[in-house]
Amino acid sequence: MSSKKQNQRSPDQQEYEINQALNRMGLTWIVVKVYRDENKSGRYERKRSGYMQMMHDIKSGLMKVDLILVDTAERFGRLDNFQAIRDELQKKHGVLILTAESSFADPTTPQGKAYATFDSLRASEENRIKSHQVVRGKRDQVLLGFWPGGPKPFGYAIVPVFEERNGIKVKIGSKLEPLSEEVLVIRILFEHADQTGYGPNRLTRYLNEHPDIPDKFKPFNSPTVGRWLSQSLYHGEILWNEHCTDVVDDARTIEKNPEEDWIIVPGFCEPIVPEELWNSVQAVRNLRKRPLKKEQDQKLIKPAAPGKSLIYPLSGLVRCGTCDSSMRPIKSGGQSKTGDTYTYYVCPRGIDQNCENRAYIPEKWLRETIFNWIREQLFPDIED
């Protein structure tokens with residue numbers, strides 16, 4: 001079950017369907033253990049504790065089993081790697097994945113292979129159609145001036161809109177309406193950004209120290225402030241479908257859509273700041289951006305996910321000892337004698353002065369120290 005918004009009885013219903021199929025077919029298989037993941041998306045395998053425990057138990061030999069039973073293939077996980085997992089379990093561990101909806105058809109038989117191929121195509125096409133329908137519906141809502149869904153943007157409230165049909169009030173969408181206290185924060189931010197030309201870090205410190213801003217909104221952080229500064233909603237215009245998201249190797253990726261797919265609706269909501277002020281701030285921000293010097297990339301097929309984790313393998317693992325935030329790798333302006341750029345791990349809350357930790361930890365030193373320690377633990381008898 002992916003989230004609390006879905007049918008809370010879904011896991012119980014799935015287990016019931018499996019048991020019903022076993023009884024109907026007169027199968028006397030022994031159920032060794034039941035694994036469940038509630039309120040966890042199947043898109044992220046490593047976040048599903050039940051799934052990860054099941055795979056560990058099988059691969060380590062802790063569970064001596066022949067079959068994994070699921071109600072449908074979709075309930076097992078992402079369909080784009082379902083067949084690869086199925087093949088690995090079968091060839092390396094002698095475990096088959098069977099579905100109740102197929103009456104536990106054996107995927108090693110010609111009939112089972114045919115059904116598995118058809119089922120995978122059906123499920124993939126069903127997901128594609130659902131995705132198309134969701135995007136189509138959201139696009140229509142945006143063009144009609146309604147909020148397409150998702151978390152509310154800071155500065156606005158999401159207000160439902162109803163119309164009467166045959167004497168019954170029916171919700172036709174939601175509109176954005178400014179929230180006075182949050183509007184104050186956004187106006188202070190844009191006015192100070194325009195007056196000073198400051199970047200997100202100094203603007204964040206300014207907001208955190210401002211006496212007129214309620215403490216309940218503090219502390220602010222620089223990534224959020226930077227995102228607010230580029231939010232076109234604040235001058236009344238919505239830019240929708242600029243990006244799309246996907247999950248690659250358990251990492252959420254964000255890709256830019258072609259400009260012809262973008263939807264821009266001026267006058268979408270009541271503006272919080274004048275358009276002239278918003279444009280002035282954008283002009284300064286564009287000047288502050290450093291042009292990236294990149295060689296012409298001749299590669300035609302782009303990878304689905306960036307390789308940042310390969311460049312900084314400790315990203316997401318280094319934690320601040322003061323506030324437990326994930327420390328961020330940042331580059332300095334200097335270079336070593338070999339031409340390498342100096343990179344440091346810093347606490348993002350420390351940059352915003354929301355944490356006392358202002359240390360800059362050299363990335364190269366930290367990486368080499370940790371890797372050497374791991375090597376000593378794994379191979380204590382091997383000398384350099």
Side-chain angles (χ1 to χ4, degrees), residues 151-156 178-235 252 254 272-273 277-278 280-292 308-309 311-336 341-367 369-370:
K152 84 171 193 67
F154 186 85
Y156 291 95
L179 286 172
S180 56
E181 280 191 317
E182 296 181 5
V183 165
L184 171 67
V185 176
I186 297 302
R187 286 177 177 167
I188 290 175
L189 169 64
F190 272 86
E191 288 170 1
H192 196 65
D194 186 49
Q195 293 168 3
T196 63
Y198 285 170
N201 289 338
R202 285 195 283 186
L203 289 171
T204 298
R205 292 196 287 269
Y206 177 77
L207 293 179
N208 285 329
E209 296 168 358
H210 201 289
D212 295 338
I213 296 178
D215 289 339
K216 65 180 180 180
F217 296 131
K218 300 174 182 178
F220 300 98
N221 60 75
S222 55
T224 298
V225 169
R227 189 167 60 251
W228 287 347
L229 289 170
S230 60
Q231 178 61 268
S232 62
L233 275 174
Y234 294 140
H235 73 87
R252 184 172 180 265
I254 301 177
I272 290 178
V273 299
L277 175 59
W278 189 87
S280 177
V281 171
Q282 304 315 306
V284 174
R285 284 169 57 78
N286 290 333
L287 288 174
R288 289 175 58 88
K289 292 179 181 177
R290 298 178 183 177
L292 298 176
K308 186 173 182 180
S309 60
I311 300 174
Y312 304 119
L314 298 179
S315 294
L317 301 176
V318 185
R319 314 294 298 190
C320 172
T322 303
C323 68
D324 198 40
S325 295
S326 177
M327 296 185 73
R328 182 193 309 164
I330 62 171
K331 293 183 178 180
S332 69
Q335 289 185 341
S336 66
T341 303
Y342 291 114
T343 303
Y344 300 89
Y345 278 103
V346 299
C347 175
R349 290 173 56 85
I351 296 176
D352 303 335
Q353 296 187 356
N354 295 323
C355 174
E356 296 178 358
N357 182 6
R358 311 290 166 77
Y360 281 64
I361 312 298
E363 186 275 337
K364 183 178 180 181
W365 170 83
L366 183 63
R367 170 166 39 87
T369 301
I370 292 178

Side chain to side chain contact (heavy atoms under 4.5 Å, CB included) between Tyr156 and Ile272, intermediate numbers included | CA-CA 9 Å; Tyr156 291 95; Ile272 290 178; 3.5 Å; yes
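- Residues Ile330 and Thr343 form no side-chain contact, since every pair of their non-hydrogen atoms from C-beta on lies 4.5 Å or further apart.
- Scanning both residues, Val183 and Gly155, for their nearest heavy atoms gives CG2-O, 3.7 Å.
- Considering all non-hydrogen atoms of both residues, Pro348 and Ser326 come closest at CD-O, 3.4 Å.
- Atom NZ of Lys331 is separated from atom OH of Tyr342 by 14.5 Å, given to the nearest 0.5 angstrom.
- Ring-centre distance between Tyr360 and Tyr345: not below the 6.0 Å cut-off.
- Taking all atoms of both residues into account, the shortest heavy-atom contact from Asn357 to Met327 is ND2-CE, 4.3 Å.
- For the pair Pro200 and Arg285, the minimum side-chain heavy-atom distance is below 4.5 Å.
- The closest side-chain heavy-atom distance from Ile188 to His210 is below 4.5 Å.
- Crowding of Gln353 atom CD: a count of heavy atoms from other residues, nucleotides or ligands under 6.0 Å exceeding 12.
- A tilted orientation is assigned to the rings of His235 and Trp278, their planes being inclined by 30° to 60°.
- Using a 4.5 Å heavy-atom threshold, the side chains of Val346 and Ile351 count as touching.
- The shortest side-chain heavy-atom distance between Glu181 and Lys216 falls under the 4.5 Å cut-off.
- When all heavy atoms of Cys320 and Cys323 are compared, the pair lying nearest together is SG-N, 3.4 Å.
- Rounding to the nearest 0.5 Å places CZ of Phe190 at 7.0 Å from CG of Leu277.
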Glu182 and Lys152: CA distance, side-chain angles, deciding distance, salt bridge (Lys or Arg N to Asp or Glu O under 4.0 Å) verdict = CA-CA 12 Å; Glu182 296 181 5; Lys152 84 171 193 67; 2.9 Å; yes
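- Side-chain contact check for Tyr234 versus Phe154: some heavy-atom pair is nearer than 4.5 Å.
- A donor-acceptor pair under 3.5 Å links the side-chain atoms of Lys218 to the main chain of Asn208, judged by distance alone.
- Thr204 and Asn201 form no side-chain donor-acceptor contact under 3.5 Å, judged by distance and modelled atom types alone.
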Given Val318 and Ile361, is the side chain to side chain contact (heavy atoms under 4.5 Å, CB included) satisfied, shown in steps?
-> CA-CA 10 Å; Val318 185; Ile361 312 298; over 6 Å; no
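- Not a single salt bridge (Lys or Arg N to Asp or Glu O under 4.0 Å) links Asp212 to another residue, sequence neighbours left out.
- No donor-acceptor pair under 3.5 Å is formed between the side chain of Tyr312 and the backbone N or O of Glu363.
- Using cut-offs of 30° and 60° for the angle between ring planes, the Phe220 and Trp228 rings count as perpendicular.
- Side-chain atoms of Asn221 and Thr224, non-hydrogen and from C-beta on, do get closer than 4.5 Å to each other.
- Looking at heavy atoms from C-beta onward, Thr196 lies out of side-chain contact with Tyr206 at the 4.5 angstrom threshold.
- Across all non-hydrogen atoms, the minimal contact from Val185 to Leu207 is O-CD2, 4.3 Å.
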